[in-house]
Chemist: 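The structure follows.
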There are 2 protein chains.
Amino acid sequence: MSLRYALLALLTVEPMTGYDLYKEFESSVGHVWHAPDSQIYPELRRMEKDGLLEGEEISWGQRGKKRQYHITEAGVAAFRTWMNGTLDYARVRDPAHLKAAYLEWAEPDAAREQMLAHIRHHTELLQQWHDKVREIEEGASPMLNRRLAKVPPEQRRKTAAFKKFTYEGLIARAEQEIAWANRGLALIDELYAEPETADAGKS
Amino acid sequence: MSLRYALLALLTVEPMTGYDLYKEFESSVGHVWHAPDSQIYPELRRMEKDGLLEGEEISWGQRGKKRQYHITEAGVAAFRTWMNGTLDYARVRDPAHLKAAYLEWAEPDAAREQMLAHIRHHTELLQQWHDKVREIEEGASPMLNRRLAKVPPEQRRKTAAFKKFTYEGLIARAEQEIAWANRGLALIDELYAEPETADAGKS
DNA sequence: GAAAACATGTAACCGGTTACATGATTCT
DNA sequence: AGAATCATGTAACCGGTTACATGTTTTC
């Protein structure tokens, strides 16, 4: 159900179309919550039916039109309620660590490749998140700037600080994952390249 | 589809019933991959149909019976193939960080409570994982011991090392999450308890 | 004129969750 | 005798993914 609140979060800034929101899910919010367009459009309809949003047909060019949604008071209240409530944490389900636990079943090169893939994956994320933090620090994030413009001055510091705090957490996590995978590479080397204990016995 | 491979991983040690496997999912593998019994039983049936397992009716007490599954050669091959292949990483979907990004919408106490809940959650996990590592180090893990007994001597070191490596990664992650939430608490205090800038303006 | 971007959906499927349902055995 | 544990499922639902489908507008 977090998709709904991610959408509400964005719509507290300004009215948007499904496509606008989808674009945001490919960049800003997409860094903490991903959603494909095929999930966004129907969810917006449901949210409208539930009174959290109001949609308005807007013409676009000659024949085209688009539907712009703005958040209702009920929507703001729902978002606030969600923000004040507690989350329940999902049970662990982590394919990378599941595989790591049985890495003795993989060929040494395949095992190394898993660790390298883990590093590549998290390095990419790290890059994105670093860029985001820099954007926030330089005041170069369009979405955040529009949000800040809407918010009373005393709140601006908080708004920016929590965004930065979020990305810093993600960065620390990615760095940890990279460090772990590097330890994995070292471990694989240690376990498989042992020249002196020349035990030729093979299974 | 990881459930299937988690089940195969366990069944490489010895034949088990659905209930045995379910118990393991509450303790050992459950730490990296959770699954409820209602998912395990039908999956075992499907795996049998796919030739990865063979089930055998075993009588239990007077009238009772249970179905014990053992892995087939095809099952071992499928597991090995999965272990040698690469994983694709799911897109980020992280409710805790999503909420953190908009924490200015929560009451200060609610914001603190989120951070405390984050700390509590990860402290619990940390506890479990530390216990697991200790168990591995002391050779007190029944499942791992049975696995080690089945494996050729040269492999034992690897088998235990990768388990420990996995848990150490989870521990480092949990510690990082706790550190992040503590930084969050400090940030909330800093942002909300600012006595000198007595800006009485409220929205 | 073609390609990229804007715009909005439906449908089939899949993995996972929650609730329901039942009964046997073993332990105290 | 009753509780805990062993044992095995079904069914409804839900959130998310992938594929399909279509058309407009803007940019090059």
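For the numbers below, each heavy atom of this structure counts, side chains included, while hydrogens, waters and symmetry mates do not. Numbered from 1 within each chain, the chains take letters A, B, ... in sequence-line order. As the structure is a prediction and not an experimental result, all values here were calculated from the model.
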Chemist: Taking all heavy atoms of A/T17 and all of A/Q68, pick out the closest pair and write down the distance.
Modeler: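 Between these two residues, the closest heavy atoms are CG2-CA, 4.1 Å.
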Chemist: Quick check: on DNA chain D, is the nucleotide nearest B/G18 upstream (toward 5') of the one nearest A/L3, or the reverse? Name the residue that is more 5'.
Modeler: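 Looking at the nearest nucleotide for each, B/G18 comes out on the 5' side.
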Chemist: If I take atom CG in residue A/D94 and atom P in nucleotide C/dG16, what distance separates them, rounded to the nearest angstrom?
Modeler: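 After rounding, the reported distance stands at 13 Å.
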Chemist: If the cut-off is 4.0 Å, is A/W60 near the phosphate of C/dC6, judged by side-chain N/O to OP1 or OP2?
Modeler: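 For C/dC6, OP1/OP2 do not have a side-chain N/O of A/W60 under 4.0 Å.
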Chemist: With a 4.0 Å limit, can you tell me whether A/R46 has a side-chain N or O closer than that to the phosphate oxygens OP1/OP2 of C/dG9?
Modeler: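 So the side-chain polar atoms of A/R46 never come under 4.0 Å of the phosphate oxygens OP1 or OP2 of C/dG9.
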Chemist: Would you kindly give the CG-to-C1' distance between B/D37 and D/dT10, to the nearest whole Å?
Modeler: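 My rounded result for the distance is 12 Å.
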Chemist: What's the closest nucleotide to the side chain of B/K66 if the choices are D/dT8, D/dG16, D/dT24?
Modeler: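 Given the options D/dT8, D/dG16, D/dT24, the side chain of B/K66 is closest to D/dT8.
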Chemist: Whole Å only: how far is the CG atom of B/L44 from the C1' atom of D/dT8?
Modeler: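 Rounded to whole Å, this separation is 11 Å.
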Chemist: Regarding A/D20, tell me which of base, sugar-phosphate or nothing describes its non-hydrogen contacts under 4.0 Å with the strands shown.
Modeler: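 Counting heavy atoms under 4.0 Å across all strands, the contact made by A/D20 is with sugar-phosphate only.
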Chemist: I need the NE2-P distance between B/H34 and C/dG16, as an integer number of Å.
Modeler: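 Those two atoms, NE2 and P, are 11 Å apart.
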Chemist: Answer yes when A/E104 and B/R156 have at least one side-chain N-carboxylate O distance shorter than 4.0 Å, and no when they do not.
Modeler: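 No, no charged N to carboxylate O under 4.0 Å.
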Chemist: Using the side-chain heavy atoms of B/Y19, tell me which of these nucleotides is nearest: C/dG16, D/dT25, D/dA7.
Modeler: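 Of the candidates, D/dA7 comes closest.
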Chemist: For B/R4 and C/dG15, what is the distance between atoms CZ and C1' respectively, to the nearest whole Å?
Modeler: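 So the CZ-C1' distance, B/R4 to C/dG15, works out to 12 Å.
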Chemist: Given D/dT10, D/dT17, C/dT10, which nucleotide is nearest the side-chain atoms of B/P42?
Modeler: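 Closest nucleotide among those given: D/dT10.
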Chemist: Strictly distance-based, threshold 3.5 Å: is any side-chain N or O of A/K66 a donor or acceptor partner for the main-chain N or O of A/Y19?
Modeler: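 Here the side-chain-to-backbone pair does not exist.
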Chemist: Take atom CD of A/Q62 and atom P of C/dA7, then tell me their distance rounded to the nearest Å.
Modeler: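 In whole Å, C/dA7 P and A/Q62 CD are 15 Å from each other.
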Chemist: Would you indicate, yes or no, if D/dC6 has its OP1 or OP2 atom less than 4.0 angstrom from a side-chain nitrogen or oxygen of B/K23?
Modeler: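 Affirmative; the distance criterion is met.
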Chemist: Considering all heavy atoms of both residues, which atom of B/T159 and which atom of B/K163 are nearest to each other, and what is their separation?
Modeler: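 Closest approach of B/T159 to B/K163, heavy atoms only: O-CG, 3.2 Å.
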Chemist: Taking atom P of C/dA7 as reference, at what distance in whole Å does atom NZ of A/K65 sit?
Modeler: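 Result: 14 Å.
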Chemist: What's the closest nucleotide to the B/R63 side chain, out of C/dA24, D/dT8, D/dT17?
Modeler: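 For B/R63, the side-chain atoms sit closest to C/dA24.
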Chemist: Quick one: B/R91 CZ to C/dG15 P, roughly how many Å, whole number?
Modeler: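 Taking atom P of C/dG15 as the reference, CZ of B/R91 is at 19 Å.
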Chemist: With the side chain counted from C-beta on, respond yes when A/F162 and B/L187 share a heavy-atom pair under 4.5 Å apart, and no when they do not.
Modeler: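 In short, these two side chains touch, coming nearer than 4.5 Å.
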Chemist: What nucleic acid atoms does A/S38 come within less than 4.0 Å of, heavy atoms only: base, sugar-phosphate, or nothing?
Modeler: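 Base: the residue A/S38, judged by heavy atoms under 4.0 Å, touches a nucleobase.
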Chemist: Quick one: is B/Y41 getting a side-chain N or O under 4.0 Å of the D/dT8 phosphate, OP1 or OP2?
Modeler: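 Answer is yes, contact under 4.0 Å.
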